[in-house]
2 protein chains.
Amino acid sequence: MMALMKRTPPSSVLLDQQLCFALYAASRSVTAAYRPLLESLGLTYPQYLTMLVLWEQDGLTVRELGDRLQLDSGTLTPLLKRLQQAGLVSRQRRRSDEREVEIRLTAEGEALREPAKAVPECMAARLCLSSEDMQRLRDELKQLAAQLSQPTQV
Amino acid sequence: MMALMKRTPPSSVLLDQQLCFALYAASRSVTAAYRPLLESLGLTYPQYLTMLVLWEQDGLTVRELGDRLQLDSGTLTPLLKRLQQAGLVSRQRRRSDEREVEIRLTAEGEALREPAKAVPECMAARLCLSSEDMQRLRDELKQLAAQLSQPTQV
DNA sequence: GAAATTTCAATTGTACACAATTTAATTTTG
DNA sequence: CAAAATTAAATTGTGTACAATTGAAATTTC
């Protein structure tokens, strides 16, 4: 009798209880919220993040960009080719080390910086979070990622 | 003179200051941390989330699964075909409504539930977060996603 | 109750992610 | 300094995501 009764699964295995799912869903939600804003700039979300890095520091190599964004060349190479196609960046082998490819903003890529400033402002307004709450949440997420990049204990 | 000086960009545009990037990076970090655990089960991360839903409630339609996971048929149909290929689920049109496709766990899919229980336990240990902190972070992320799904004010 | 609308899943096409391999260039070592 | 090892980017292949369209089935509406 008991063996046939349907029991509620332990809360540790319920989707809604999972931090991992909340994180996965929230991340896609945020990306989706950026999409209409970025569409007017002609950028996808990972392309926008890449441009953020370049607006901060131009002339990085693919590897340096990958370090900042935590993405490898398998992701970045095609993404950067599309940004080049769109006329926003140039890709050029370094003469000092021919293995490296330097990514530089074009005038057009540089010009996109101004209209892009509206994006974080618009998103901040939509999130309805105080600046402090946003910082705290951001730091908790950074801490979480840092924890996972630690080599496994035991 | 001043016009040529390189200034530090306003903090609102620095990658490291962005909540959106922290969320994007943390989400990929967590997925990466799950990968080796799920590999032994023969599942990818989205496949694992799908199985979590089915272990909780079997016999859902593609749409119902999509509601729970916030994924559309464009993502789920190929994912479910792979789970079927792996022998973990069956896909069958409902006689009551031929538009709907019912997803059911096979015996093999059901059997995976037990070894899968170790996964959240193992991850919880790696995160080094108290149960309370995990719940709080999870709820903040849910709140954030909910906020973004609101229609834009103003 | 037939036409218009809606719903559901599948399909098509684009763009990430990421593991694994390849190729070329540089650095290290014996 | 030549062979071995390392490094950087690109390539290949698999698996999501998601917009847009398609096709079939069910529902609504006139």
Side-chain angles (χ1 to χ4, degrees), chain A residues 20-21 24-36 38-39 42-51 60-67 69-86 88-103 145 149, chain B residues 21 24-36 38-39 42-51 60-67 69-86 88-103 145:
Chain A
C20 73
F21 177 67
Y24 167 79
S27 178
R28 288 189 298 118
S29 268
V30 167
T31 303
Y34 271 91
R35 202 167 293 123
L38 296 179
E39 198 163 2
L43 295 173
T44 66
Y45 184 67
Q47 287 169 10
Y48 167 70
L49 294 177
T50 303
M51 293 299 283
L60 296 175
T61 64
V62 174
R63 191 189 59 73
E64 287 165 337
L65 269 172
D67 285 348
L69 296 165
Q70 292 163 225
L71 292 171
D72 68 8
S73 69
T75 301
L76 281 176
T77 295
L79 184 152
L80 292 168
K81 282 185 180 175
R82 284 187 275 273
L83 287 180
Q84 182 183 35
Q85 209 65 26
L88 300 177
V89 307
S90 65
R91 297 161 60 241
Q92 188 145 11
R93 293 268 165 196
R94 279 204 175 144
R95 279 179 305 285
S96 62
D97 186 337
E98 291 276 348
R99 289 171 304 183
E100 298 181 324
V101 169
E102 190 173 278
I103 309 300
S149 64
Chain B
F21 177 67
Y24 167 77
S27 178
R28 286 189 300 118
S29 268
V30 167
T31 302
Y34 271 90
R35 202 167 293 121
L38 297 179
E39 197 163 2
L43 294 174
T44 66
Y45 185 67
Q47 287 168 9
Y48 167 69
L49 295 176
T50 304
M51 292 298 283
L60 296 175
T61 65
V62 173
R63 190 190 58 72
E64 287 164 339
L65 269 172
D67 286 348
L69 295 166
Q70 290 161 227
L71 292 172
D72 68 7
S73 69
T75 301
L76 280 177
T77 295
L79 185 153
L80 292 168
K81 282 184 180 176
R82 285 184 204 102
L83 287 180
Q84 181 182 36
Q85 210 65 26
L88 300 177
V89 306
S90 66
R91 300 162 59 242
Q92 187 146 11
R93 293 267 165 197
R94 280 207 176 142
R95 278 178 307 284
S96 63
D97 186 338
E98 291 277 346
R99 290 172 304 184
E100 299 180 322
V101 169
E102 189 175 280
I103 308 300

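Convention: sequence-line order gives letters A, B, ...; per-chain numbering from 1.
- By the 30° and 60° cut-offs, the orientation of the rings of Tyr34(B) relative to Tyr48(B) is tilted.
- Atom OG1 of residue Thr50(B) and atom CG of residue Leu65(B) lie 6.5 Å apart, to the nearest 0.5 angstrom.
- Rounding to the nearest 0.5 angstrom, the gap separating the CG atom in Leu76(B) from the CZ atom in Arg63(B) is 12.0 Å.
- Taken to the nearest 0.5 Å, the CZ atom of Arg82(B) stands 10.5 Å off from the OG1 atom of Thr77(B).
- Distance check, rounded to the nearest 0.5 Å: OG of Ser29(B) to OH of Tyr24(B) gives 11.0 Å.
- Rounded to a whole Å, the CG atom of Leu38(A) is 14 Å from the P atom of dA15(C).
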inquiry  = So if I define the base as every atom that isn't primed, P, OP1 or OP2, how would nucleotides 15-27 of chain D read as a B/S/- string at a heavy-atom cutoff under 4.0 Å?
reply    = SBBBB-----BS-
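- A straight line from CD1 of Ile103(B) to C1' of dC8(C) spans 12 Å, rounded to a whole angstrom.
- Put simply, Lys81(A) has a side-chain N or O that comes within less than 4.0 Å of OP1 or OP2 on dT11(D).
- We find that CD of Gln84(B) is positioned 14 Å from C1' of dA9(C), with the value rounded to whole Å.
- To the nearest angstrom, P of dC8(C) lies 15 Å from CD of Glu102(B).
- dC8(C) atom C1' lies 16 Å from atom CD of Gln92(B), rounded to whole Å.
- A salt bridge links Glu102(B) with Arg94(B); the closest basic N to acidic carboxylate O contact falls under 4.0 Å.
- The distance from atom CG of Leu76(B) to atom C1' of dA9(C) is 10 Å, rounded to the nearest whole Å.
- Using a 4.0 Å cut-off, no side-chain N or O of Arg93(A) falls inside it from OP1 or OP2 of dA25(C).
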